[in-house]
Amino acid sequence: MSINNDGVLFDYSKNRIDEQALSLLIQVAKESKLEQMRDAMFAGEKINSTEDRAVLHTALRSSSSSAVMVDGKDIMPDINVELAKMSDFANSIRSGSYQVTGGKVTDVVNIGIGGSDLGPRMVTQSLRHFEGGPHLHFVANSDAADLDDIVERLDPSTTLFIVASKSFTTAETMLNARNAKLWVGNALGNDVGGHFCALSTNLEATQAFGISNDRTFGFWDWVGGRFSIWSAIGLSLMISIGPEDFKKFLGGASSADQHFLNAPLNKNIPVIMALLGVWYRNIMGYPVQAVMPYDSRMSRFPAWLQQLDMESNGKSVLKSNEQTTIDTGPIIFGEVGTNGQHAFYQLIHQGTTIIPCDFLLAASGHGGKENRNMLISNCLAQTEALMNGRTLEEANGNPHRVFEGNRPSNTFLYEEVTPHTLGMLMAFYEHKVFAQGVLWGINSFDQWGVELGKELVHNIEPMLENGNELSAQNSSTQGLLDAINAMKKAS
Ligand code: F6P
């Protein structure tokens with residue numbers, strides 16, 4: 001029960017499953033037409049049915065010379081043009097040939113949220129040992145503290161802002177971008193265009209914001225936000241690690257793509273991940289899935305995975321428009337090891353909810369032998385304790401010290417965290433999420449569930465402005481608004 005692909009070992013030998021159950025699950029995958037759906041995705045068919053869009057993040061990392069057609073047009077030339085434009089820009093920033101008011105760029109601030117933040121932030125942080133350019137910072141929240149706490153340490157004359165937004169309408173991002181422009185403008189005067197660049201599919205809006213086309217990097221509607229790090233949204237990462245290593249990152253993902261396309265289902269890492277997830281969610285009834293990277297720099301991996309998995313598969317309506325009758329996407333959470341061990345692993349070992357876990361582990365990494373061996377042995381000790389547990393007899397009759405065991409986990413093992421390895425790991429998770437969406441019959445590529453809250457903001461914001469003149473549509477929200485209006489300090 002382990003599969004190796006290109007230096008990444010997926011070990012699933014600590015699961016509550018046997019060969020017979022697995023082969024039945026493979027049958028389910030075949031009957032769900034997983035292979036046909038996978039091929040349709042890679043071929044550019046409009047499998048995102050509710051938005052009538054193709055799903056082609058895989059084309060962004062393809063090294064093949066074959067055409068990929070969308071609406072009768074080969075998209076590969078445009079992808080390559082944009083990648084070359086990004087590489088030139090990243091190189092010019094890293095070398096200092098791109099000059100801002102104060103000369104060479106020392107700090108880059110990526111302003112974006114969701115997919116325009118989580119992927120670039122997580123990967124840039126995870127690959128800090130590959131960093132070679134200016135310092136990277138990330139701002140997402142509309143809480144002003146997010147931007148303020150970063151810019152207070154920066155020199156506006158050597159800072160470059162990347163406004164990353166597929167739509168270029170996301171309220172938080174546009175507010176932060178306007179505030180960043182004010183911050184630079186107040187310090188340097190009004191002509192601050194050179195301190196800003198944009199990553200977006202909405203060129204009209206980037207121009208209206210005052211960012212010229214030569215500093216705007218585009219992508220396309222067939223790139224979903226949470227799958228967009230492989231596109232121009234990866235510019236911050238490229239500036240940090242350099243275009244060559246960015247290509248290796250794409251290459252790692254491409255290796256996972258080829259594996260997903262070509263490996264038989266019973267030896268296919270994302271397919272096995274997906275089937276185990278379905279087994280636990282739908283047959284065993286476990287609602288949660290945890291992910292534990294034993295790597296401090298990968299602390300944002302769980303947050304990245306939360307968006308990928310929960311925004312994709314947290315759905316109740318099937319592609320056929322009917323309500324689902326079975327459970328879909330699990331709750332994802334996680335924390336780096338060993339920190340999590342001293343916090344919530346208690347529940348994973350002895351709680352009443354069984355939580356399947358993924359452990360991510362590098363054989364080599366930061367620091368010397370003592371740190372490394374402690375990290376590795378802790379990770380293996382946890383997976384063993386979860387699997388084997390401890391009997392009442394072994395616990396000398398003390399029921400509080402009994403571990404029932406049989407608690408499932410997978411372990412991803414690799415030599416070290418490199419752009420190639422991380423790209424591959426991320427793509428495995430992307431394909432797992434896609435495969436589960438197919439098995440559940442849902443569209444993993446839309447996100448209508450985020451819209452209602454955004455709409456209600458437009459009703460509520462004016463009530464904060466105008467005090468008691470407007471009223472909420474329900475007494476609960478009204479009560480909170482009254483309390484807020486009474487408590488808040490005049491600004
Ligand atoms: O609100 C959800 C969402 O649309 C995500 O799917 C997306 O990654 C994020 O907002 C940011 O969107 P944008 O890149 O258009 O600013």
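Both backbone and side-chain heavy atoms feed into the values below; hydrogens, waters and symmetry mates do not.
Close placement of the F301 and Y429 rings is indicated, their centers lying within 6.0 Å of each other.
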Report task. Might you work through the side chain to side chain donor-acceptor pair (under 3.5 Å) test for D295 and S126, ending with a clear yes or no? Result -> CA-CA 8 Å; D295 184 322; S126 301; over 6 Å; no
Report task. Would you check, one step at a time, whether the test side chain to side chain contact (heavy atoms under 4.5 Å, CB included) holds for Y414 with L360? Result -> CA-CA 8 Å; Y414 31 88; L360 312 181; 3.4 Å; yes
Report task. Show your working on salt bridge (Lys or Arg N to Asp or Glu O under 4.0 Å) between R226 and D309 and close with a plain yes or no. Result -> CA-CA 9 Å; R226 52 197 173 273; D309 204 316; over 6 Å; no
Query - Criterion side chain to side chain donor-acceptor pair (under 3.5 Å) on R128 and H366, from CA distance to verdict - result: CA-CA 11 Å; R128 229 197 110 212; H366 192 71; over 6 Å; no
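Counting heavy atoms from C-beta on, the side chains of L250 and L83 come closer than 4.5 Å. The side-chain heavy atoms of M174 and F209, taken from C-beta on, include a pair separated by under 4.5 Å. Taking the side chain as every heavy atom from C-beta outward, F168 and V163 approach each other to under 4.5 Å. Proximity of H259 to P270: side-chain heavy atoms (C-beta onward) are separated by under 4.5 Å at one or more points. Side-chain contact between W220 and L56: absent, with no pair of heavy atoms (C-beta onward) separated by less than 4.5 Å.
Not a single donor-acceptor pair under 3.5 Å links the side chain of D52 to the backbone N or O of K46. With hydrogens and angles ignored, the 3.5 Å screen pairs a side-chain donor or acceptor of T328 with a backbone N or O of K315. Using a distance-only test at 3.5 Å, with no hydrogens or angles considered, no donor-acceptor pair links the side chain of H195 to the main chain of V100. Between the N176 side chain and the G112 main chain, no donor and acceptor come within less than 3.5 Å of each other. Proximity of a side-chain donor or acceptor of T170 to a complementary backbone N or O of E172 within less than 3.5 Å is not detected. A distance-only check finds a donor-acceptor pair linking the side chain of D74 to the backbone of V68 [under 3.5 Å]. Side-chain atoms of S312 do not come within 3.5 Å of backbone N or O of F445 as any donor-acceptor pair. A donor-acceptor contact shorter than 3.5 Å is absent between the side chain of T201 and the backbone of F219. The backbone N or O of P134 sits nowhere less than 3.5 Å from a side-chain atom of R94 that would complete a donor-acceptor pair. In this structure, the side chain of Y98 engages the main chain of G194 through a donor-acceptor pair within 3.5 Å.
Below 30°, between 30° and 60°, or above 60°: for F249 and F246 the angle between ring planes is between 30° and 60°, a tilted geometry. Between F434 and F260, the angle of the ring planes goes over 60°, which puts this pair in the perpendicular group of the 30/60° scheme. By the 30° and 60° cut-offs, the orientation of the rings of F89 relative to F217 is tilted.
Atoms OG and CE, on S254 and M424 in that order, are 10.0 Å from each other to the nearest 0.5 Å. Atom CD1 of I229 sits about 11.5 Å away from atom CG of L308, to the nearest 0.5 Å. The line from CZ of F227 to CD of E311 is 9.0 Å long, rounded to the nearest 0.5 Å. Atom CG in L203 sits 11.0 Å away from atom CD1 in I211 (nearest 0.5 Å). Rounded to the nearest 0.5 angstrom, N410 CG and F10 CZ are separated by 4.0 Å. The distance from the CG atom of L160 to the NZ atom of K104 is 13.5 Å, given to the nearest 0.5 Å.
Here salt bridge (Lys or Arg N to Asp or Glu O under 4.0 Å) pairs that include residues 206-221, with residues two or more places apart or in two chains, are R53-D221.
Residues T421 and T418 bring a donor and an acceptor atom of their side chains to less than 3.5 Å of each other. The closest side-chain donor-acceptor pair between Q436 and R281, if any, does not fall under 3.5 angstrom. For the residue pair S62 / D257, no side-chain donor-acceptor distance below 3.5 Å is found, with atom types taken as modelled. Defined by atom type and a distance below 3.5 Å, a donor-acceptor pair is missing between the side-chain atoms of H420 and S255.
Salt-bridge formation is detected for the pair R61/E430: a Lys NZ or Arg NE/NH1/NH2 atom is positioned less than 4.0 Å from an Asp or Glu carboxylate oxygen. Salt bridge D88/K85: absent, no basic N to carboxylate O contact under 4.0 Å. Taking 4.0 Å as the cut-off between side-chain N and carboxylate O, K319 and D446 do not count as a salt-bridged pair.
Taking the centre and axis of the six-membered ring of F161, the NZ or CZ atom of K181 falls outside the cone set by 45° and 6.0 Å.
Taking every heavy atom of both residues into account, S228 and G115 meet most closely at OG-O, 3.6 Å. Minimum interatomic distance between L481 and M463 (heavy atoms only, all atoms of both residues): CD1-SD, 3.3 Å.
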N/O donor to acceptor pairs below 3.5 angstrom from side-chain atoms of residues 136-143, sequence neighbours left out:
{"from": "H137", "atom 1": "NE2", "to": "D107", "atom 2": "OD2", "distance (Å)": "2.8"}
{"from": "N141", "atom 1": "OD1", "to": "D143", "atom 2": "N", "distance (Å)": "3.1"}
{"from": "D143", "atom 1": "OD1", "to": "A145", "atom 2": "N", "distance (Å)": "3.0"}

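With F196 as the partner, the side-chain contact (heavy atoms from CB on, under 4.5 Å) test is satisfied by one option alone out of T206, V184, T216: V184.
Applying the side-chain hydrogen bond (donor to acceptor under 3.5 Å, both in side chains) test to N91 and every residue at least two apart in sequence or in another chain returns nothing.
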